[in-house]
Structures are given as structure tokens and as C-alpha cells.
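The chains referred to below are lettered A, B, ... by the order of the sequence lines, with proteins before strands, and numbering in each begins at 1.
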Amino acid sequence: MPSTSANTVVVLDFETTGLSPNMGDRAIEIGAVKLVDGEVVDTFQELMNPGFRVSSFIEGYTGITNNMLRTASGCEGVMSRFAEFIAGFNLVAHNASFDKRFLDAELARFHAGYSGQFTCSMLIARRLIQDSPTHKLGDLVHFKGIANDGVFHRALADAEMTARLWLLMLDELDQQGIANPTFAMMQTISRTSKQALPAFFNKQRSKASL
DNA sequence: TGCCAGGCCCTCTTTAGGGCCTT
């Protein structure tokens, strides 16, 4: 059983066959990085075979082809290994409501789950990086000059960029004297409401609206 | 290419509507 640390998070990203598991869409790739006290200590990346052909749009969008998926492991085996990877850790994703739906759906297929809390880097970026014209992951990476290798829409590459964005926002909070910035950001849960937002983020929004 | 869904959030709002963001 891994040790749980308040400053440990797993940043994850799914590539999928579409937008909605409720409409029959499945995961085709999972990528993740594990951060401990701001350092990458482990990574996870696996393709998974959804059991049917993906559309040409998804092949073009992700670069993941049906030929690549033909020899990939099934979703259950991959997700079983991923469940072990995230066990006991809090989770971060960009537009987390999307990744959470697929994580929940894929794990539910074999009655698995996770105990960590999910939070959303996009919701935090909307508060902390209000001068960015958009809050798409790629646009934020370019806007903030975050290092990248030019690969987008692959799971590990997007998880790595989300992790760098997460660390950048932690630094910004730290420089502003926010105590325990990881805890502050983890309070901005994907299912949060205005009332549930930490006072700090409400202050940021109030200042921006002046 | 961009629709499918769904949660968040803003506004010309709250008995609603629509943009953003994810693949």
C-alpha cells in the first residue's frame, strides 16, 4: 500500500474514442505522472484496445491508429494496472470532469475504484491565469511559455504538460504567500460550487472583476 | 470538421441560456 502524502498527486489524461462513456465511448490510452513535492517520481502510459475500430477523426486527432490498438492490451488489464498506480493518491486532470467520467466508467466495468480526491487544473487556471485568451491546455502551455516537445493529444504528453502547468500554478500561489498551495488547489474540486471555493480563489476573481 | 455529453461559470440569470473545455 503506497504512502499517501498531502503533496503527492497523480496528473492524468485519457485519450478516448469520443466524449461520452454513456454514449458507448471507451478509453484508448491513459497517461499519467506522479508528483511528489513538485518532482516527477513515476510515469504511466499504455494504449488499450476498446474492442472496436476508432473513427478516422480520432485517428487524426490523437495519432493513435487502429493498427496501433490492434495489438494493445484490453482495457480491463490496463485499467487494473492503472488502479494500482493511483491507489491512495489525489488526482489532477485538465477539465477533470471529462477524465473522471472515463476513469469511473472504465473502473466500474470490473468493480474497481479509487480513494483519491479529483481536482481540475482548468478550473484553477481560469482563476489564476485570467489574462490568457483561452484555457485550453495547449493554449495555456504556449501562453505561459511552459516547456513542451510539441506533442499534443497523446496521453502522457498531455499529462506531462498538465503537470508542468500544475507546478507553475503552485509556484504562483507560493510566491503570493499562500500556505500549503497544494491543499488550496485540491479544494477546487471538479464538482465544486461557488460556495465551496476556497476564499483565496474568490478573492482572485473579485480582484479581476474590479 | 465537428457533432454527440456533461460540469462549470458567466450574464442580458436564478422558473434560463449559452460558451468553454475535454476526445
Side-chain angles (χ1 to χ4, degrees), chain A residues 10-32 45-66 68-69 72 75 78-79 82 91-106 108 117-144 146 148 151-163 165-166 169 185-198 200-210:
Chain A
V10 173
V11 185
L12 64 93
D13 182 72
F14 276 103
E15 303 305 317
T16 72
T17 65
L19 294 174
S20 174
N22 288 337
M23 299 289 285
D25 290 317
R26 299 293 305 273
I28 57 174
E29 187 180 44
I30 177 68
Q45 181 181 32
E46 284 201 53
L47 291 169
M48 55 190 120
N49 188 332
F52 55 87
R53 291 182 63 81
V54 302
S55 68
S56 58
F57 171 76
I58 291 299
E59 284 188 315
Y61 187 82
T62 65
I64 299 169
T65 65
N66 282 294
M68 293 163 67
L69 294 173
C75 294
V78 174
M79 292 307 300
F82 188 64
L91 307 172
V92 173
H94 201 70
N95 196 10
S97 65
F98 174 86
D99 293 280
K100 184 177 187 301
R101 280 199 302 277
F102 278 93
L103 179 63
D104 291 349
E106 293 295 347
Q117 178 175 300
F118 229 123
T119 198
C120 179
S121 58
M122 184 187 74
L123 294 182
I124 297 170
R126 281 177 175 172
R127 290 162 174 75
L128 284 187
I129 311 175
Q130 296 180 351
D131 48 348
S132 178
T134 85
H135 295 88
K136 295 176 183 175
L137 177 60
D139 290 345
L140 285 166
V141 165
H142 289 129
F143 183 78
K144 299 300 287 187
I146 293 171
N148 68 89
V151 176
F152 293 92
H153 305 306
R154 286 300 299 268
L156 182 56
D158 282 4
E160 287 174 335
M161 284 189 288
T162 302
L165 173 66
W166 175 263
M169 293 191 295
M185 298 224 287
M186 289 308 300
Q187 300 313 297
T188 307
I189 309 168
S190 61
R191 288 170 50 80
T192 194
S193 67
K194 288 178 185 176
Q195 290 72 26
L197 287 173
F200 169 75
F201 291 111
N202 283 328
K203 261 186 221 171
Q204 289 290 110
R205 187 164 53 183
S206 298
K207 281 199 302 189
S209 65
L210 291 177

Query raised in the report: Within the side chain of A:Asp25, is there an N or O that forms a donor-acceptor pair under 3.5 Å with the backbone of A:Leu19?
Result: yes
**Report entry** A:Phe98 CZ - B:dT22 C1' separation (whole Å)
**Finding:** 5 Å
Requested in this report: Please state the P separation for the pair B:dT13 and B:dC8 - nearest whole angstrom.
Outcome: 22 Å
Query raised in the report: Can you check whether A:Asn22 has a side-chain N or O nearer than 4.0 Å to OP1 or OP2 of B:dG6?
Result: yes
Query - Residue-phosphate contact under 4.0 Å: A:His94 side-chain N/O, B:dC21 OP1/OP2 - result: no
Report task. Could you tell me whether a side-chain N or O of A:Thr119 sits under 3.5 Å from a main-chain N or O of A:Met185, the two making a donor and an acceptor? Result -> yes
Query - Given B:dT22, B:dT23, B:dC9, the nucleotide with the shortest approach to the side chain of A:Arg126 - result: B:dC9
Query raised in the report: Which listed nucleotide (B:dG7, B:dC21, B:dT23) is nearest to the side chain of A:Thr134?
Result: B:dC21
Query raised in the report: What distance, rounded to whole Å, do you find between the two C1' atoms, one in B:dC3 and one in B:dT22?
Result: 14 Å
Requested in this report: Could you work out the separation of B:dT1 and B:dG17 based on their P atoms and round it to a whole Å?
Outcome: 32 Å
**Report entry** Between B:dG2 and B:dT15 - P atom distance, rounded Å
**Finding:** 35 Å
Query raised in the report: A:Phe57 side chain: which of B:dC9, B:dT22, B:dC3 is closest?
Result: B:dC3
Query raised in the report: In whole Å, what separates the C1' atom of B:dG19 from that of B:dC12?
Result: 15 Å
Query raised in the report: Are the side chain of A:Thr17 and the backbone N or O of A:Val54 linked by a donor-acceptor pair below 3.5 Å?
Result: no
Query raised in the report: What is the distance, rounded to the nearest whole Å, between atom CE of A:Met122 and atom P of B:dC20?
Result: 12 Å
Query - Sugar-phosphate, base or nothing in reach of A:Asp158, heavy atoms under 4.0 Å - result: sugar-phosphate
Query raised in the report: So what does A:Asp99 touch, heavy atoms closer than 4.0 Å: a base, only the sugar-phosphate, or nothing?
Result: nothing
Query - Short side-chain N/O contact from A:His135 to OP1 or OP2 of B:dC20, under 4.0 Å - result: no
Query raised in the report: Using a cut-off of 4.0 Å on non-hydrogen atoms, how would the nucleic acid contact of A:Thr17 be classed: base, sugar-phosphate, or nothing?
Result: nothing
Query raised in the report: Closest to the A:Ile58 side chain: B:dC9, B:dT23, B:dC21?
Result: B:dT23
Requested in this report: Would you mind classifying the nucleic acid contact of A:Leu137 as base, sugar-phosphate or nothing, using non-hydrogen atoms under 4.0 angstrom?
Outcome: sugar-phosphate
